[in-house]
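Note that the structure is a prediction, hence the values are computed from the model and not measured.
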Amino acid sequence: PRCVYWDESLSIWKSDGVTRGNSSDGSFMCETLHLTIFAIILDVIQVAGQTLVCSNVNVLTREGLRALSEHVDWRVQPVTIVLWCLLLLHAVLVAAACMYDNRKRQQAIWRDEWFLT
């Protein structure tokens, strides 16, 4: 975590004159030399923002898709396997919901006039 303040003229968070203080109970404390709106920014959020900025839409181009097909090591990564399993689970649940809905429609339990359309 970092201590920062909002620079209204530049519309950015800055850390000039704001430091991390020492607290007896181990909590995070900011000390400032000026009266402004200040906050504690977690570096995790900043790294996530940089990751989003560095994300590359070019993966969806012809060259990007070719590179994905040539380098297959990403396919066996645990994260990829978890995402494929979640996608499969989602497809199974949607199919089951459609079948359930179809079965109930055939039993004529639901009537169209009961719903706002």
Side-chain angles (χ1 to χ4, degrees):
R2 298 184 296 139
C3 295
V4 293
Y5 73 94
W6 183 250
D7 187 335
E8 292 182 11
S9 61
L10 298 175
S11 295
I12 60 171
W13 291 101
K14 294 178 73 176
S15 60
D16 308 352
V18 184
T19 59
R20 181 176 179 169
N22 295 324
S23 64
S24 59
D25 62 354
S27 61
F28 196 88
M29 183 176 69
C30 293
E31 295 176 347
T32 181
L33 302 174
H34 45 81
L35 297 175
T36 57
I37 298 173
F38 68 97
I40 299 170
I41 293 186
L42 296 175
D43 290 330
V44 174
I45 295 171
Q46 185 178 10
V47 169
Q50 290 172 351
T51 302
L52 290 176
V53 170
C54 292
S55 294
N56 200 344
V57 169
N58 291 330
V59 170
L60 301 177
T61 63
R62 182 180 300 157
E63 295 82 20
L65 293 174
R66 186 178 313 119
L68 279 176
S69 66
E70 291 171 359
H71 305 289
V72 294
D73 58 336
W74 62 270
R75 294 180 189 172
V76 294
Q77 296 295 322
V79 173
T80 307
I81 294 169
V82 168
L83 288 175
W84 279 114
C85 290
L86 287 174
L87 183 64
L88 179 64
L89 177 65
H90 179 75
V92 167
L93 289 175
V94 167
C98 288
M99 290 189 318
Y100 178 78
D101 189 44
N102 217 5
R103 194 176 312 130
K104 292 299 179 184
R105 185 179 298 125
Q106 290 174 353
Q107 294 175 357
I109 293 177
W110 309 115
R111 295 185 184 160
D112 287 340
E113 57 266 9
W114 291 353
F115 296 99
L116 297 173
T117 55

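Between atom CG of residue Leu89 and atom CG of residue Leu93 there is a gap of 4.5 Å, rounded to the nearest 0.5 Å. Taking CD from Gln106 and CG from Asp101, the interatomic distance works out to 10.5 Å, rounded to the nearest 0.5 Å. Taken from NE2 in His71 to CZ in Arg66, the straight-line distance is 11.0 Å, to the nearest 0.5 Å.
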(request) Test side chain to side chain contact (heavy atoms under 4.5 Å, CB included) on Val79 and Leu83 and set out the steps. (result) CA-CA 6 Å; Val79 173; Leu83 288 175; 4.2 Å; yes

(request) Step by step, work out the side chain to side chain contact (heavy atoms under 4.5 Å, CB included) result for Cys85 and Ile81. (result) CA-CA 6 Å; Cys85 290; Ile81 294 169; 4.3 Å; yes

